[in-house]
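Counting from 1, the numbers follow the sequence of the chain as shown.
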Amino acid sequence: MVQLPKHQMMKRGSIKLFAIFCICSCSGGTDSDDNSSALWLNQLLLSSAAAIPFSPTACSAISSPNDPYFKYQWHLENTGQAMYSTTQVAGTSGMDINVKPTWQSGLSGKNSLVSIVDDGVNLDHEDLLPNVRSGSVNFLFGTNGLATNDTGGSLANHGTAVAGIVSARGGNNLGVTGVAPCSQIIAFNYLSRATDSNMTRSLSSNTEVFVSNNSWGNEDGTGDFKSAPSSFYTAISSGLLNGRGGKGTSYVFAGGNGSSTSAEVDNSNYDGYSHHPGIISVAGALNNGSRAAYSEKGANLWITGFTGRDGVIQTSITTTDNIGLNLEWGYNPGNGSTAFPVSTSYNLPNLKYTSGFNGTSAAAPQVSGVIALILEKYPNLTWRDLKKILAKSARKINSGNALWQTTGKAYNYNLIYGFGSVDANAALQTASSWTSVGGSSNLISFTKESSISHTIATGSFNSFSIVVSNSGISKIEAIELQLTSNHANPGELTLELEAPDGIKMEFHESHLCYSGAKMTTPTKNCSAMTNQKYIISGFLDYEANGTWRVNTKDTNSGTASGNITNYKIIFYGS
């Protein structure tokens, strides 16, 4: 079995999809109607494709899905199933997103609009089409033969799998069910033509979007800090301010797959696409609640979804799959053979579905689906409300992990899991008595900045203090910290932010940087630290006033040295 660390990302050089796939050399199968069910296949043959009038069909809540592959969707209902055979890795009963009670209460995500910003989505898929709404944008129109509002085609593998996790139509006796099986979806195939203008349009042009799912980010496996363009931050801020009539679009991002069993390598906080206080960054846990080895640590992480073991497809996520001409697309393409022994294979005989989707790409859309469910019942909640509700209702998993700590405001927080795993039923219960904190227009920020000369000690921590007063913030929602250092190799540094009560959050750890793919190319000095931005999530509801400390340590004596020369700290809250 060959592990493919992540699937191809399209035109934007250093951006990557946050999925992990395993490919085995096994025979494929055919499905008798594969070539007739996808309306867009005929569009590929046209020189001038006409726009398709997408419109959601009537949908009812489900209490117990009749979809044939639901039994494999352990992230929705984990009964401790061993998937396809007793020799495969079984899960821990109850280690799922606890969504069935929400369905049984009558919720399905109805009228909640989710945008899938990705490589594309096969909108004509039998399990997606009933939930597709008008408004999708095909940035490849003219080169992929599809209509301007049809984002499918050969490049739409990743997004099709993501969309199914959120919004596959449940209870239709087909394939799988989504977390929010009656939610509505639109798609932007930004990653297939990744320009700044296409990113801005994908993230903020449609102000009706409830949730924007983004299972992508900067390249994994180098250890380097990689920024995002200023247009990214502008687009996110615009959506938070203007989305949903001022209540804000919620932005869900995959936390990244740049870790490994032998080294941390990447940290989610090194990815510029995670550096906005409005973003919900999602980590990945396995079917027993332990960390997925590739899921990155990070003080920016907010919450955890579920995903599969690296290299073990039988524990991965089952979802919708792209199909195409000659059955050559998707993660379950088959090879024309009718023999597809499910008991020994990682995939399914119906090529419209795959059981091999993986990575934090698979974890993020579970959180997007839960938000869609919440907003069906409580549509007046703001993006800020939703972030706090998810934190308060998150479940502490893998409780023996040493990184769990209880903050001064009684939250459990872990650099691997954020506030814990998403729990749909608990989130709805928390939302039922929630008092809104308002949207972006009510968000307060306080900034303090200074040039300093702080020598980074070798072998042990030393610190510099930041004294905050008159901030006006009694409940922090996020902290943004920017640092500049003249240290020749910032990869040697371990950095922590310490709150006035002594609780510490590590936001940068000592690690190696590589000139290319993870641990297969020569090491190098990590990129210079110039206004390097970090988000720290774990001090939720703290008061900003007080003495904060940045603790610094150089772990490698004699190889490089330097100082912190400037800091800027921004507190967000109310």
Side-chain heavy-atom pair [X], [Y] within 4.5 angstrom cut-off:
X	Y	answer
Thr447	Ile569	no
Val209	Val114	no
Leu17	Leu191	yes
Lys387	Ile280	yes
Thr151	Phe188	no

Separation of [Y] [atom2] from [X] [atom1] (nearest 0.5 Å):
X	Y	atom1	atom2	result
Asn489	Ser527	CG	OG	9.5 Å
Phe139	Asn198	CZ	CG	4.0 Å
Asn138	Asn144	CG	CG	4.5 Å
Glu506	Thr494	CD	OG1	5.5 Å
Leu403	Ile416	CG	CD1	5.0 Å
Leu241	Leu443	CG	CG	10.5 Å

Check: [X] side chain, [Y] main-chain N or O, donor-acceptor pair, under 3.5 Å:
X	Y	result
Asn157	Gly330	yes
Thr555	Glu492	yes
Thr319	Ala161	yes
Asp118	Gly159	yes
His511	Glu509	yes
Asn462	Thr455	yes
Ser537	Asn300	yes
Gln366	Phe306	yes
Trp216	Val117	yes
Ser361	Ser215	yes

Can you name the one residue among Phe225, Tyr270, Tyr233 that meets ring pair (Phe, Tyr, Trp, His ring centres under 6.0 Å) with His275? Phe225
Strictly below 4.0 Å, N to O, side chains only: are [X] and [Y] in salt-bridge contact?
X	Y	answer
Arg291	Glu264	yes
Glu477	Arg384	yes
Asp224	Lys524	yes

For Lys553, look at atom NZ and say whether over 12 heavy atoms of other residues, nucleotides or ligands are found less than 6.0 Å away. yes
Tell me whether the centres of the aromatic rings in Phe419 and Trp302 are closer together than 6.0 Å. yes
Compute the centroid of each ring, for Trp548 and then for Phe539, and state whether the two points are separated by less than 6.0 Å. yes
What verdict does the side-chain hydrogen bond (donor to acceptor under 3.5 Å, both in side chains) test give for Asp423 and Ser393, after you've listed the backbone C-alpha separation in whole Å, the side-chain angles of each residue and the deciding distance to 0.1 Å? CA-CA 7 Å; Asp423 186 314; Ser393 61; over 6 Å; no
Evaluate the criterion side-chain hydrogen bond (donor to acceptor under 3.5 Å, both in side chains) for residue pair Tyr542 and Asp501; output intermediate values, then yes/no. CA-CA 10 Å; Tyr542 273 63; Asp501 66 356; 2.6 Å; yes
Whether Tyr331 and Phe357 hold their rings parallel, tilted or perpendicular, with breakpoints at 30° and 60°: parallel
Minimum heavy-atom separation for Tyr514 and Gly221, please, with both atom names. CD1-O, 4.1 Å
Would Tyr251 and His276 count as having a side-chain donor-acceptor pair, cut-off 3.5 Å? no
